[in-house]
Amino acid sequence: MPLFPRWTNTVSRLSGVILLALPAVAIAGLMIVVRSTWGTKQDREVVQPIEFDHRHHVGDEGIDCRYCHYTVEKSPYPGMPSTTICMSCHAQVWNKSPLLSLVREYYFKDRPIPWNSVHNLPDYVYFNHAIHVNKGVGCVTCHGRVDQMALVNQAAPLSMGWCVDCHRNPEPQLRPVEFITSMTWKPDPSVDRQRLGAQLAQQYNVHTRISCDTCHR
Amino acid sequence: MEHAAEHAAPIGKTFVLGRFPTGEALVDACYKVREKGFDAIDTHSPYPLHGGDEALGLGQSRVPRIALTGGLTGMFGGYLMMVYMNAFNWPLNVGGRPPHAPPSFIPITFETTVLLASLSIFFGLLALMRLPQPYHAVFEHEGFRSAVNDGFWLSVALPPGSDGKDASALLQQLGAKEISTVQESLE
Amino acid sequence: MTTPRFPLPVLGTSVRPEPTAVELPDEASLAPGREPGSEHGYGRTYWRSVEEQLHGEAALPHRDQEFPPGAFDAPKGFARRDFLQLMGASVALAGLTACTEKPVEKILAYTRAPDGMVPGNPLHYATALMNDGMAAGILATSWEGRPVKVEGNPTHPVSRGTTGPHAQAELATLYDPFRARVLKERGAGRSWRGFREAMRQRSAAWEKDGGAGLRFLLAPSSSLLTASLRDAITQRFPKARFHAWSATPRDSVYEGTTLAFGKALEPHHVLEKADVVLSLDADFLEARADTVDQNLGFANRRDPRHPQGMNRLYVVEPRFSITGGMADHRLRLRSADIEGFTLALAAELGKTVPALAGYRSPAAIGGERAKFISAVAKDLAGRRGTSLVIAGERQTAVTHAVAHAINAGLGNLGATVTFTEPAVLDTATGRAGWEPLVEELRAGKVDTLVITAWNPVFTAPGDVDLQGLLKKVPNAIYLGLHDDETSRAVNWFLPAAHPFESWGDARSREGTLSIVQPLIQPLFGGISEAELLGAFLTDETKPYDRLKALHAERAKSDFDSEWETWLASGVVPGTASSAVTPALQADKVRAAVAQLRPPPGGLALELVHDYKILDGRYALNSWLQELPDPITKITWDNVAQVGPGLAKEMGIEHGDLLLLTLSGRSVQVPAWVQPGHSDEAVTVSIGYGRKQQTLGVKDADEPVVVGHDVYPLRSAAQPWFATGLEVKKVGRSYPLSHTQVHNSTEGRPIALMQSIEEFEKHPEAPELRPPVKLAGGKELEGSTLASVQLGVDYSKQQYKWAMAVDMSRCTGCSACVVACQAENNIPVVGKYQVGRGREMQWIRMDRYYSGTAESPEMVNQPMFCQHCETAPCEYVCPVNATVHSDEGLNDMVYNRCIGTRYCSNNCPYKVRHFNYLHWTQDKSQVEKMLMNPDVTVRARGVMEKCTYCVQRIERTRIAARIENRAIGDGELRTACQQVCPTNALTFGSLHDPKSKVSERHADPRRFDVLHELNTRPRTVYLTKIKNPNPELG
Amino acid sequence: MAAEHAAAADAADSLDTAPLMLGKQDNTTLTGNLLAHVWARPDKGWLLSFLIALSGSGALALAITVTLVEGIGAWGNNIPVGWAFDITNFVWWIGIGHAGTLISAILFLFQQRWRTAINRFSEAMTIFAVMCAGLFPLLHTGRPWFAYFMFPYPSTLQMWPQFKSPLIWDVFAVSTYFTVSLLFWYLGLIPDLASLRDASKSTLQRKVYGIFALGWRGSGRHWHNYKVGYLLLAGLSTPLVVSVHTIVSFDFAVSLIPGWHTTIFPPYFVAGAVFSGFAMVMSWMVPARHFLGLKHVITMRHLENMNKIILATGMLVSYGYLMEHFIAWYSGNQFEWFVFFNRATGPYRGVYYLMLFCNVLTPQIFWFKRARTSIPIMFIASILVNVGMWCERFVIIVTSLHRDFLPASWDMYYPTWVDITLFLGTIGFFSTLFLLFLKFIPAVAVSEVKELNEELQHRPAPITVVTGA
């Protein structure tokens, strides 16, 4: 009577193959996960203390981004609107709306509104809004169609690779600064995108750097 | 084999086993058995037999070619990987050294060469030897356990249909001590 | 650091017009020993109340995201740390970064955005810092209401845009979580209102007797506000008296002028004009806040190419001081003998200078000293009107007077030394200042004593038992930053507001008035001196209004607009006191001299204020404690410095505990054998030896005693030096942590020094032939060796950053080290870890001695990352964590670093520092406010090093690129360059041939440290040039 | 043909001083006593030593935990001494591993008959030593949980490793070395596992060994390929083993620190590795052959040959020292010269002189046959050599770092208890694995010994490794 029955041949070879394949599969899986929208947090829904609807303000009312995010052109930070800015309209408009009761409460108590940050870079990354906005990188390029978002969510992966890709070849992303905040601007199809980009890069003297100290300090 | 499968109900291979007192006896026997027209034979011994390969009429081994292929893959793969990563995909200014620095790439190239060669040898061997194969018909015979310790066995695979009488007889006359006919089980 | 702007102080959410003390809810909530940074930590209560009001507990912000009100996105600064911490701690267990889920960060915007503030861009507010009452103007860089960096104010005459180490470290004091936060009466919490009430009740009694028992012991001050308050108080209580006390009195200076000119005057030394300088134990180069301008004046004349030629410095002193290190010739002398030396010099000069005839040396002087004197005299006499004799603050009035006489005789008055009325309110801040008070205390005449001087119980000389005397005072009040010896001895203790937290004014040495404006609300509800004094008046006016009222009449046109200009620029124009040209009362001086007797021989005790913690007022400042002493390189300790001769004679070695006994009182101090130190004296610095919480130190959560207290040896009569010292070896040794164990260059061509003649003969640095030019002849390259490998072509880039250090100018004051620490969030590691060679300061101030142990020469070489073009650290990093930027910076990417330490091993300069432990862990909220949000806070296990302040480069670059212009030379300065009092450091782009740094790179004195390794450093050094007197050869 | 063989045999004989195998053996007896120690129940001695070794491994686990929780600060390392015990241990262990590969591969290529009895043993040692060594490159990093940055994988950062760094070479070299040694060892083990499988009485043992034996049945067709494969692996391992320690030496030679920046390092490190490796084999074999009753296959001849190699490599190492010092003086480079001056006179001179004693003087005793054949002497000598080689690495690493170019940066290094525990812990870990090996796997290559036995009995020729007709 032999030690092992015949079927063990198949089993043993199969298990051998699996043993080798397992780590490979695991590593591949991890790589896929970090690239997935879950890994990049793009699918994460961030609920805000106040139901602020960008669709309404940007889309319907067509308010320029810079009206609220007022320091985006001169500061690394886009500038979150101070409650005063909300009230500047909502003192007259909807000044009784229950939706805005919290805003009024914060305002009259002179307390800041604790917004939840959506685009959250690691703290060792120094992204500067001012330079990008001044050199023709539009809001929509990174933040997506905010005018169509009820609840703002992260549009781009914001991975280093994603940043570097653009820094290596910015031209296709550039647009005339007068349309910087436009959500709908499309380059005139007749002109070649790359050419237009190159021309803008010339005009705004864009030269992107990929040295580490560009973002890490 | 297929033929048999088509017509009759499948039956496992049959082997005739015979143990010989010494390696030399076994080797001689091989020649004789092959003269008698049994080509599907194999020896089983605790260590490689002298002239065993010739006795079984085996030619050049394929292992060296496998090794060479693996080695070359490792060599070029390794070097090109480094060139791509450090010189092509993202050439960084590292201490003013040239991004493509052949001397610095040699050690890893060597390692990858050896690594892939060795892996291909090992797994190539397993493939050539059809291992792992915990079950084989020869194990059906309890006495065959001596084959890896102190016994020298000759196994003759019988052509389909043959009952193996002639083979056993032959072995007997060649001086095999312990002769038995084993059949491969099907489950 | 964009182009400096001086915006107006923001009135509104971020900075309130006047500090307000916390109204304490009830005594119960004031359990003593409250944990720092918790309930009464700035902000905490604030936020909690809001959040709770609005949404209750649930809505409380994540504990790591608390920050001052009005701070926008401030979590960046803090969360960065926490994030890296997370990596360090939890990832260690989790194993993968992906496994750490960061909590959603909160963004808190202003309710009403203050005008002029752009969140994310720092503002610079002008204010002033005082040392013993005398101001130096500074600019504070403020992030959303959070001051995180101090710079000198270029428009201020004393600061001239630079500061010393203390101003840089002031922020560590401001954000010290161990600062007192509770107003107490005999240990029990009280409220500010309660205190005022108590005073009001007492004032009834004082009004009757005119305040006969009301006494004030104030810190030296030049504040006009304080002056006006004092007048007001004396008006209300005519018999009330004011005294000033400082453990570092400048009395002898004023007594000296009184003796020489008949009235107390403030001397100013115009070192820029002086060809020959003689320092009589005057350490005028120590870069103290009130005298920092002298460094620049002196350094400008150390340049061999200076039109008036290079100056020559003689120093006579007992110990080896910073100034002594810069001297061309030094004479070791006990302080007690310096009087005699001065007279001998005067006598010698008298031979040629008629005005000085008739001086006689009390004791016969021979040998080396005589030689020295004659040489100096000859040199001085040869430079009439351009020579200068400076007497040190530790010296006697007579020495000062004779020094003045010599200057007068040499016609230096009005030329190299000028005089103004003193800016300080009290010229007597030492013994003379408080002796009457002590008498009254002894007599028990004082019923109320208000103390704002820093911790007099601790700083009182050994023969005055102030603690005991205070017991006799029924109502003793102390205003202090910390709970200390004095606060325990009084019955009312008031937590003081830091100068950065309160309104006030101050004058600099030469009188210029600066308005002191608050940069932040009082963190711990501190009270300013002005407020305290105000409590003794009937009108409730706030200091802010008093101040404006006081200065109202200065305005030429519209007060409010001018007022804001004053605030913005940091100085009130036209307030510098006019120079007076006094007449020397030669006969009086001679008379005084006639009394002199030669001092007794034997060992002398030399007390000095510490370079780092002065008289101890900075003892709790961890940045200064960790700063290596400029001379001894010792951290976290004071030592008894002995000369090499004495050490040999007594068999003393580093760290041996010595028992110092003087007139019956004795203390134990660890010994330090100091080259160049007098063999007849033992020098100890005051201020150490207090049990203290050492802030930010990994291994010491418990309070520990730091250093050794030598105040007991001090006597009121002889504050600075006394003969008759007995020294005994205790037989035990004491562990000292110093950052440099080896003091000689081993003859290696590292820190080069040459005499002026050699320099004239062949101007190139000895180790270096003129810099080679590349093909094209433009590029100046670091190496002079024929290179085995081609350089990288940097000419395509707009800038090519580089640095140059002029070692002729560097005094080693170490201001840069602290500035770097403040700018780059460099952690403090504590005495034990420093002892293990793990200090983190990015600048290592290398100090080498040459020559004999008796009269060594000192070379200082600030050593930081050289940003080698062929950096050895880079090619050994396995993960590309340190690589070159396109502009030639040696980038260190913390988040890529895995910490193999190979780069440090392969760095020939050993300027990289490794986070061996998690230094930045568990900091209180208050400490976190100190962090510069522009710089990553490093976690455990990563390498770090000088980055050429890359965060400043990038900010300036972005600002410039937005305006589509290039960065101008000098627009961008590194922290160390900006602070340097002697302008020894230059930074800029080599592509601009006119830039300062290009000039220095082209200077013949330029040499590259270890250039033979072909590292091609971007940081180069200029040889130190000395100007010895041939006669003393 | 036969004539040549005979000649070769005689040539081999003239060197054969002592027999390679004692007594008359046949396959049955060999099977019996070579496998005996596997069947035997663990005796007291084994249990005791295993317990000690196990506690050593425990200590290692503790030290590792402390290091991970506290950080590298738990060690004595500082600036300037960024590497100390960690890398010293790494180099030491890697070096020890080399003897195994040398014996099994190089001696195999040279057809040294005496290798057969000891190769299995030393290969096992290689593998365990490399495991211990591998710990340190990982542990010594400040953030080991990011060590995967060192592997070339496509990351979302688009960052790659930096292939100019010797550390990366190390990563590849050590992992390759480990993999290849493991394959080589296992390949050689297969026939013996089969032998165990079929010789055992208990079904459980049969099944367990059976699984690892992969169903080996001593088939002639298998042997046909097997021999070639084994030979090729041996052929690959030979340059590999040389490359590994060469690359390890590059860690130092490629840097510019005086005392590290030396062209002689590669050969001198390899020699040192073999030196210490053989010593370690000796230290284990002497007791093993005694307790496992292998004296008849591991004879005095083996031990003596090994002692000869220890002597030879010892001389190479001594030559290395000599050259280092000579060149340092001859170069006229003051930094270089100072380092060696400092080694002999500086604060670490004790270690330096211990190194000289153990590595230069100790082996000299093997000039004498009496010493070469005396068990106690060779045992003590082998221990001393191991100590000496550890000191050598310490001297090279620490004394070079603690005083390099700028005197202002000089400082001292003192180990902490964690440093020491880590080192002793690895020794415990090594012993644990080794004792397990001795318990469950035949300590000598059974089938090879049988083959050798065959050879010796009717000595036709040395083992032929040429295949085909």
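By convention in this document, chain letters (A, B, ...) are assigned in the order of the sequence lines, proteins followed by strands, and residues within each chain are numbered from 1.
Within the 4.5 angstrom heavy-atom criterion, no atom of B:Tyr135 approaches chain D. Proximity to chain B is limited to the side chain of D:Thr31, based on heavy atoms less than 4.5 angstrom apart. Looking at B:Phe123, neither its backbone nor its side chain comes within 4.5 Å of chain D, counting heavy atoms on both sides. Interface residue B:Ala67: only side-chain heavy atoms are found under 4.5 Å from chain D. The parts of B:Leu119 that come within reach of chain D are both its backbone and its side chain, each placing non-hydrogen atoms under 4.5 angstrom from that chain. Proximity to chain D (any heavy atom under 4.5 Å) is shown, for B:Pro102, by neither the backbone nor the side chain. The part of D:Ser200 that comes within reach of chain B is its backbone (N, CA, C, O), which places non-hydrogen atoms under 4.5 angstrom from that chain. Looking at D:Pro166, there are no atoms closer than 4.5 Å to chain B (heavy atoms on both sides), in backbone or side chain. Heavy atoms closer than 4.5 Å to chain B are found in both the backbone and the side chain of D:Leu183.
Side chain of B:Arg145 to main chain of D:Arg197: no donor-acceptor pair is present (N/O by atom type, distance under 3.5 Å, no hydrogens or angles). D:Asn225 places no side-chain N or O within 3.5 Å of a backbone atom of B:Leu126 that could act as its donor or acceptor partner. A donor-acceptor pair is defined here as one N or O able to donate and one able to accept, closer than 3.5 Å; no such pair exists between the side chain of D:Trp169 and the backbone of B:Ile106. Under a 3.5 Å cut-off, the side chain of D:His222 and the backbone N or O of B:His44 do not form any donor-acceptor pair.
Note: B:Asn89 leads B:Asn89, B:Leu56, B:Thr113 in heavy-atom pairs under 4.5 Å with chain D. Considering only heavy-atom pairs separated by less than 4.5 Å from chain B, the leading option among D:Leu196, D:Asn27, D:Asp198 is D:Asp198. Taking chain B as the reference chain and counting heavy-atom pairs below 4.5 Å, the highest number among D:Ser243, D:Ser175, D:Ser237 is found for D:Ser243. Ranked by heavy-atom pairs shorter than 4.5 Å toward chain B, the options D:Phe184, D:Tyr226, D:Trp216 are led by D:Trp216. Comparing D:Val254, D:Thr246, D:Val446, D:Leu240 by how many heavy-atom pairs each has under 4.5 Å with chain B, the most go to D:Leu240. Among the candidates D:Leu236, D:Ile190, D:Val244, D:Leu35, the residue making the largest number of heavy-atom pairs closer than 4.5 Å to chain B is D:Leu236. Considering only heavy-atom pairs separated by less than 4.5 Å from chain D, the leading option among B:Leu125, B:Asn149, B:Asp150 is B:Asn149. Annotation: maximal heavy-atom pairing with chain B below 4.5 Å, among D:Ser219, D:Gly215, D:Gly210, occurs at D:Ser219. Chosen from B:Gly51, B:Ser155, B:Ser45, the residue pairing most often with chain D at heavy-atom distances under 4.5 Å is B:Ser45.
Shown here is B:Tyr31, whose OH atom has more than 12 heavy atoms of other residues, nucleotides or ligands within 6.0 Å. Atom OH of D:Tyr153 has more than 12 neighbouring heavy atoms from other residues, nucleotides or ligands inside a 6.0 Å radius.
Below 30°, between 30° and 60°, or above 60°: for B:Phe122 and D:Tyr186 the angle between ring planes is between 30° and 60°, a tilted geometry.
Taking a cutoff of 4.0 Å between a charged side-chain nitrogen and a carboxylate oxygen, B:Asp42 and D:Arg217 do not qualify as a salt bridge.
Taking CD1 of D:Ile247 as the start and CD of B:Glu111 as the end, the distance is 4.0 Å to the nearest 0.5 Å.
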